[in-house]
Amino acid sequence: MASLQETGLDRYTEDGTVDLHGNPVLRSKTGRWKACSFIVVYEVFERMAYHGISTNLILYLTKKLHQGTVASANNVTNWSGTVWIMPILGAYIADAHLGRYRTFMIASTICLMGMGLLTLAVSISSLKPPPCLEVNKGNCKQASKLQLAVFFGALYILALGTGGTKPNISTIGADQFDDFHPKEKAQKLSFFNWWMFSIFFGTLFANTGVVYIQDNVGWSLGYGLPTIGLAVSILIFVAGTPFYRHKLPGGSPFTRMANVIVAAARNWRLPLPNDPKELHELEFEKYSIERAFRIDSTSSLRFLNKAAIRTGSTEPWKLCSVTQVEETKQILKMIPILVCTFIPSTMLAQTHTLFIKQGTTLDRSVGSHFQIPPASLSAFVTISMLLSVVIYDRIFVKIMQRLTKNPRGITLLQRMGIGMILHIMIMTIASRVERRRLYVARENGLVQNGGEIPLTIFTLLPQFMLMGTADAFIEVAKIEFFYDQAPESMKSLGTSYAMTSLGVGNFLSSFLLSTVSHITKNNGNGWILNNLNASHLDYYYALIAVLSAINFFVFLIVSKLYVYKAEVCGSINVLADELKERN
C-alpha cells in the first residue's frame, strides 16, 4: 500500500498550523524537534536571565537596599507573583489578536529593556544607598524613593515582558507537533519532560555561575551576563523562524466563554432537548475549512448546554455552538485543579526567600578559601529535578506502562498528587532542620547577635534536593495538564493557568508571611524576625506542612471528580492499544 507521503496526503500538516504569512506548511520542512531546538535553546538562556535575577534577589534587597527579612521576602514574592500572573494578559493578546509568535517577539523586547535598566540600577552608585554591615538593617540608611523607583520599575518592566513570553514560548514549542499525525503526537507526550529538562540547564548555570559572580565579583557583571544571555537567546529564537509552525488567533477566549455563560443564563427557563443532536452546532465543513476541532456535547456542567438551545436567534449572546459550550466547560472544569496548585506554588516561593536567608546564617566554607553563595543551594533543586525527570521518563514510565497500560505510565493528576506528598515531607524536614539550627545557635550563644552558626550550610541540602524531585512530578505535570486539557483554540490560556498558579502562590506566600509575622510579633514571640537566630521558622514551616496536607486531601476529592476531555482520552486509548500490541 502506498505511503501517505507517496500519495501526497502527508505533505501538509492537518492541525491548522500555517507559516508566518498564513500559508499551509509542509510537514517535512517545519516543526517537530528541528524547530523545537531553537525554542529550547532560547529557553535555556531565558531561564538563566530570569533565575540570575530572582534567585539572589532577596540578598540584594537586604545587603544593598537594606530591607528587613519580611519586607525583602515579600518584595521578592510580590514581584515573582506579578511575573507569573501577567501571562493571563499575554495569553489573551496572543489568542485574541496578535498570535503567539508576534506577541512573544514584542514581549521579549520589553524583557530586554527591563533587564538593561536593571543592570544600570545595580551598577550606578547613585542608584544605591551607601554600604552597611549592621545585622539589623533598620539601623542602616534606607534607599531613597528615586533609587527604589528605578530598581523596582526595572523589575516590573521585566515582569510585564515575561507576561508575553512565558505562556507563549512553551505553547509555540508544543504547536510544532501535529496532533493528527500519530508519530508526532507520540513525540509530543515526552515534549514537556524534555522541555523542562532543557530549560533547567539555564537555571543551573544561573544558580551556580551567575550567583557566584554576584556574591564574589560584583552585581554589575552578575546582572550584565543574564542581560547579554537574554539578547543572545532572542537572536537564536528569531533564527528558527523559517522552521516554525503557527496557530492562527482564534479570537478572545474570554469573550467566547462570556457568550456561553450569558446565553445559558438567558435560556435558563428553557428545557434541554433529550437528544443532544438537537442543540445548535456548525457543519463539519465549517470546522474542516478552518482546520478546527469539533467537540460533541457532554453531560458535565449540563446547565451550560442551554447556551446551544435553538431559539430562532443567531445573536452570539443568545446562541452558541456545542463546540463553543464544550470549550468553555473545559476551561471552567480545570479551575478546581488550579486552586489546588496554589499551596504547592507557595512552597516553591520558600526556595528563593526563607531557605536562602537560612543559608546566610550557616557556615558556608568549603576548604580554606571557598565560600558557597547561599543562593547556590538552589542549584541542587535543579540538579535533583534534572535527574528525576530522566529517571521518571526512562525508568518509572516504562515500569508503570506495564502495570497500568497507560502510555504516560500514570495520569497527570496522579503525578501531581505524588508531588504534593513530597511537598508535605519537604516542609516537615525543613521544620526539623530549622529546629536543629536554632538549637545550635542557643548552645553557642548566637541568638541575640545573629552571628554565623557553626553548622554547615549543607544541612539544608535535603529540603532543596527533595524540592527538585517534587518539581519533576508536580511542575511538569501541571504544565502538561493545563496545556493538554485546554481546548485547541485556547491553548495559550490553558498554559497561562500553570503560570497563574505560581503567581497566586507567590502572592499567597507574601500574605501568609506578613500575617504570621504580624500576629506572632503582637503576641511577643515573633516567628519571622530580621535576626533569624531569634526567630521560629520551624513553627512557620510546620504550619505550611499542615496547610499542604489539608490541600492534598482536597486535591484527592477534586481529582476524583475530574473527567478528562474526550479527545485526549481517545488519543490515549489509541496509544494504549499500540502499547499492548507491542508488549
Side-chain angles (χ1 to χ4, degrees), residues 81 84-85 87-88 91 95 166-167 170-171 174 189 192-193 195-196 253-254 257 260-261 295 298-304 325-349 392 404 406 408-424 470-509 547-569 571-572:
W84 294 111
I85 210 80
I88 295 177
D95 282 344
K166 288 189 180 298
S170 60
T171 312
L189 285 178
F192 287 102
N193 281 339
W195 165 257
M196 294 295 289
F254 298 110
M257 289 190 292
V260 172
I261 294 169
I295 309 174
T298 64
S299 59
S300 63
L301 299 178
R302 195 164 179 267
F303 168 77
L304 293 178
V325 170
E326 291 304 316
E327 287 175 341
T328 301
K329 288 181 184 181
Q330 287 169 5
I331 289 292
L332 295 179
K333 283 195 305 182
M334 291 192 293
I335 291 177
I337 302 293
L338 172 65
V339 172
C340 289
T341 64
F342 292 162
I343 292 295
S345 296
T346 300
M347 297 267 303
L348 288 179
Y392 181 91
T404 65
N406 186 325
R408 285 193 172 104
I410 55 177
T411 68
L412 294 173
L413 292 178
Q414 288 170 338
R415 187 172 180 176
M416 280 192 211
I418 293 172
M420 291 181 185
I421 293 172
L422 290 173
H423 276 170
I424 299 169
D471 283 356
F473 282 91
I474 192 167
E475 291 305 308
V476 177
K478 186 167 68 177
I479 293 173
E480 187 174 354
F481 175 81
F482 289 127
Y483 176 87
D484 197 53
Q485 293 296 295
E488 289 300 317
S489 62
M490 301 179 187
K491 289 297 187 186
S492 292
L493 179 60
T495 303
S496 74
Y497 266 31
M499 315 292 178
T500 301
S501 165
L502 292 170
V504 175
N506 274 278
F507 286 128
L508 187 57
S509 177
L547 292 176
S548 298
I550 294 170
N551 182 74
F552 173 68
F553 286 111
V554 173
F555 173 78
L556 287 180
I557 297 170
V558 170
S559 59
K560 185 72 174 175
L561 298 174
Y562 185 82
V563 179
Y564 288 88
K565 70 178 188 178
E567 58 265 37
V568 172
C569 291
S571 299
I572 291 294

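Just so you know, these numbers use all the heavy atoms, side chains as well, and skip hydrogens, waters and symmetry mates.
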Visitor: Taking the side chain as every heavy atom from C-beta outward, state whether Pro87 and Thr500 have any atom pair closer than 4.5 Å.
Guide: no
Visitor: Would you say that Thr298 contacts Val563 through its side chain, given a criterion of any heavy-atom pair below 4.5 Å between the two side chains?
Guide: no
Visitor: To check you understand the geometry: which heavy-atom pair defines the closest contact between Leu412 and Ala477, and what is its length?
Guide: O-CB, 3.7 Å
Visitor: Show the nearest heavy-atom pair for residues Gly505 and Thr346, with the distance to one decimal.
Guide: O-OG1, 3.1 Å
Visitor: Distance check, rounded to the nearest 0.5 Å: Lys560 atom NZ versus Leu413 atom CG?
Guide: 12.0 Å
Visitor: Within the 4.5 Å heavy-atom criterion, are Ile424 and Met420 side-chain neighbours or not?
Guide: no
Visitor: Stepwise, does the side-chain contact (heavy atoms from CB on, under 4.5 Å) test hold for Leu304 with Glu326?
Guide: CA-CA 9 Å; Leu304 293 178; Glu326 291 304 316; over 6 Å; no
Visitor: As a quick check of understanding, evaluate side-chain contact (heavy atoms from CB on, under 4.5 Å) for Lys478 and Leu502, giving each step before the final call.
Guide: CA-CA 11 Å; Lys478 186 167 68 177; Leu502 292 170; 3.9 Å; yes
Visitor: Is the shortest side-chain heavy-atom distance between Arg408 and Asp484 below 4.5 Å?
Guide: yes
Visitor: Centre-to-centre under 6.0 Å for Tyr562 and Tyr564, is that the case here?
Guide: yes
Visitor: As a quick check of understanding, evaluate side-chain contact (heavy atoms from CB on, under 4.5 Å) for Tyr392 and Ile410, giving each step before the final call.
Guide: CA-CA 11 Å; Tyr392 181 91; Ile410 55 177; 3.5 Å; yes
Visitor: Are Asp471 and Val476 side-chain neighbours, meaning at least one heavy-atom pair lies under 4.5 Å?
Guide: no
Visitor: Hey, does the side chain of Asn551 reach the backbone of Leu547 with a donor-acceptor pair shorter than 3.5 angstrom?
Guide: no
Visitor: Could you state the interatomic distance from CE (Met334) to OG1 (Thr341), rounded to the nearest 0.5 Å?
Guide: 11.0 Å
Visitor: Under 6.0 Å from the ring centre and within 45 degrees of the ring axis: does the NZ or CZ of Arg415 meet both conditions for the six-membered ring of Phe481?
Guide: no
Visitor: How close do His423 and Met347 get, counting heavy atoms only, and between which atoms?
Guide: O-CE, 3.1 Å
Visitor: Shortest non-hydrogen contact from Val554 to Cys340?
Guide: CG1-SG, 4.0 Å
Visitor: Kindly indicate whether the side chain of Leu338, heavy atoms from C-beta on, has any atom under 4.5 Å from the side chain of Phe482.
Guide: yes
Visitor: Stepwise, does the side-chain contact (heavy atoms from CB on, under 4.5 Å) test hold for Ile474 with Ile418?
Guide: CA-CA 7 Å; Ile474 192 167; Ile418 293 172; over 6 Å; no
Visitor: With rounding to the nearest 0.5 angstrom, report the CG to NZ distance, Leu301 to Lys333.
Guide: 7.0 Å
Visitor: Flag the pair Tyr497 / Tyr483 as yes when their ring centroid distance falls below 6.0 Å, and as no otherwise.
Guide: no
Visitor: Sub-3.5 Å donor-acceptor pair from the side chain of Lys329 to the main-chain atoms of Ser300, do we have one?
Guide: yes
Visitor: Mind checking whether Ile88 and Phe254 have side chains closer than 4.5 Å, heavy atoms only?
Guide: yes
Visitor: Which distance, rounded to the nearest 0.5 Å, do you find between the CD of Gln330 and the CE of Met257?
Guide: 11.5 Å
Visitor: Mind listing the closest non-hydrogen atom pair of Ala486 and Ile331 along with its distance?
Guide: CB-CD1, 4.4 Å
Visitor: So which heavy atom on Ile343 is nearest to which on Ser548, and how close?
Guide: CG2-OG, 3.7 Å
Visitor: Are side-chain heavy atoms of Glu475 and Leu348 found at a separation under 4.5 Å?
Guide: yes
Visitor: Closer than 3.5 angstrom, by distance alone: can the side chain of Thr404 be matched with the main-chain N or O of Gly409 as a donor-acceptor pair?
Guide: yes
Visitor: Counting N and O atoms only, with roles assigned by atom type, does the side chain of Ser509 sit under 3.5 Å from a partner on the main chain of Ala349, one being a donor and the other an acceptor?
Guide: no
Visitor: Hey, is the main chain of Ser501 close enough, under 3.5 Å, to the side chain of Ser345 for a donor-acceptor pair?
Guide: yes
